[in-house]
Amino acid sequence: AESQQVLSREMPFRLELIVNAINEPITKARDQCAGRAQGHILYLSDDDCLLAERTLQAHLDAQQRQPAVYIGGITFQGAHSQHWRPRRVDYANLNGANTSLPRAAFEQVVGFRELSGYGGEDVLLGYELMQQSITFHPLADAGVTHLGDNPMRAADADKAKSAGRNAAVMGRWYPEIKTRLGVSSRLLALKYQLFCGVLAGLEKAVWCALDQPSYIYERAYFIGAWEEVHAGSPNDIPDNTP
């Protein structure tokens, strides 16, 4: 009821609330929203993102000048505050927090491909758009405030593990991006030595002393990718967090 009241307030654009009887994966929900959209430009954002005053106008102006993928800035407001202002972007920077693109381009690649759990669907969409020769541009002054940490800084091992698993799936679909995703055979072998080798305990202590959230994320990401590639957990590395 509260969400209905919020959506009923007067705004300079029309809002439509879509309610499903079951909890759909985020990819299906986004595809459903795109399918119901009436305009020729799509804007991607999240329910935990607050748009700056002229963010939508900046995206609209850019799309009217040249249809493309435009990626705006994000301020993460959490325990580890961070301001990301894009200067050079490509498919790996496409995100669901502050991105606009032509609807025709989205439909050309048939929207989001479904992955399991959390992570990767934005990058996958970006790569498939790039394959269709869609250009990518930064839109640094179109900002949003994300209420919470950057997922890579949030120390959420479950999300990181899911993202690693999905990265390995994407690497199987598109082997040419394995290295960029950190899931090539060589990189996984190096990470195995880092997290499971004879000096793993020392490396963990040093890394956690310097940046524990980064260690938690990278370790869980590796575990997810390794399990997907090798159909089992890496030896000598229990699936827990420091």
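Quick caveat, the model's predicted, so the values are computed rather than measured.
For Q63 against S100, the heavy-atom pair with the smallest separation is NE2-OG, 2.9 Å. Contact detail for A225 and A168: the closest heavy-atom pair is O-CB, 3.9 Å. Of all heavy-atom pairs between R103 and G35, the closest is NH2-O, 3.5 Å. Shortest non-hydrogen contact noted between S45 and L51 is OG-CD1, 3.9 Å. When all heavy atoms of Y217 and P151 are compared, the closest pair comes out as CD1-O, 3.7 Å.
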Distance-only donor-acceptor hits, side chain of residues 108-121, under 3.5 Å, sequence neighbours excluded:
residue : atom : partner : partner atom : Å
Q108    : NE2  : Q132    : OE1          : 3.1
R113    : NH1  : E128    : OE2          : 3.0
R113    : NH1  : Y174    : OH           : 3.4

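Each ring-ring contact (aromatic ring centres under 6.0 Å, His included) pair with one or both residues in residues 45-71, not counting sequence neighbours, appears once here: Y43-H59, Y70-H137.
When hydrophobic clusters are built by joining Ile, Leu, Val, Met, Phe, Trp and Tyr residues whose side-chain heavy atoms come closer than 4.5 Å, directly or via intermediates, L56 is grouped together with L94. By the criterion of side-chain heavy atoms lying less than 4.5 angstrom apart, applied directly or through intervening Ile, Leu, Val, Met, Phe, Trp or Tyr residues, L42 is not grouped with L139; the two fall into different hydrophobic clusters. In terms of hydrophobic clustering, with Ile, Leu, Val, Met, Phe, Trp and Tyr side chains grouped at heavy-atom distances under 4.5 Å, I41 and V89 are assigned to different clusters.
With D48 contributing its side chain and L147 its backbone, the two residues share no donor-acceptor pair below 3.5 Å. With hydrogens and angles ignored, the 3.5 Å screen pairs no side-chain donor or acceptor of T145 with any backbone N or O of T75. Put simply, the side chain of D61 never gets that close to the backbone of A58: no donor and acceptor are under 3.5 Å apart. The backbone N or O of A142 sits less than 3.5 Å from a side-chain atom of N98, completing a donor-acceptor pair. The backbone N or O of E16 lies less than 3.5 Å from no partner atom in the side chain of R36, so there is not a single donor-acceptor pair.
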Should M152 and E218 be marked as a side chain to side chain contact (heavy atoms under 4.5 Å, CB included) after you check the CA-CA gap, both sets of side-chain angles, and the distance that decides it? CA-CA 8 Å; M152 296 181 68; E218 294 296 339; 4.0 Å; yes
Determine whether E176 and Y127 satisfy the following criterion, side chain to side chain contact (heavy atoms under 4.5 Å, CB included), listing intermediate values before the conclusion. CA-CA 11 Å; E176 64 272 22; Y127 185 71; 2.4 Å; yes
Show, in sequence, the C-alpha distance, side-chain angles and deciding distance for W84 and N95, and conclude whether the side chain to side chain contact (heavy atoms under 4.5 Å, CB included) test is met. CA-CA 12 Å; W84 181 68; N95 61 75; 4.2 Å; yes
Determine whether V123 and L181 satisfy the following criterion, side chain to side chain contact (heavy atoms under 4.5 Å, CB included), listing intermediate values before the conclusion. CA-CA 10 Å; V123 174; L181 298 175; 4.2 Å; yes
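With values rounded to the nearest 0.5 angstrom, R65 atom CZ is found 10.0 Å from L60 atom CG. Expressed to the nearest 0.5 Å, how far CZ of F76 lies from NE2 of H83 amounts to 10.5 Å. Rounded to the nearest 0.5 angstrom, K178 NZ and W173 CH2 are separated by 13.5 Å. Rounded to the nearest 0.5 angstrom, D149 CG and Q77 CD are separated by 10.5 Å. For the atom pair NE2 of H146 and CD of Q82, the computed distance is 11.0 Å after rounding to the nearest 0.5 Å. Expressed to the nearest 0.5 Å, how far CD1 of I216 lies from NZ of K161 amounts to 15.0 Å.
Proximity of P213 to R153: side-chain heavy atoms (C-beta onward) are separated by under 4.5 Å at one or more points. At a threshold of 4.5 Å between non-hydrogen side-chain atoms, the residues L187 and V183 do not count as touching. Side-chain atoms of P86 and N93, non-hydrogen and from C-beta on, never get closer than 4.5 Å to each other. Counting only heavy atoms from C-beta outward, the side chains of L129 and L101 approach each other to under 4.5 Å. For the pair R30 and D122, the minimum side-chain heavy-atom distance is below 4.5 Å. Contact check for Q193 versus L199: no side-chain heavy atoms found under the 4.5 Å cut-off.
The number of heavy atoms from other shown groups lying within 6.0 Å of CG (N20) is above 12.
Among the candidates Y221, Y215, W226, the single residue satisfying the ring pair (Phe, Tyr, Trp, His ring centres under 6.0 Å) test with F195 is Y215.
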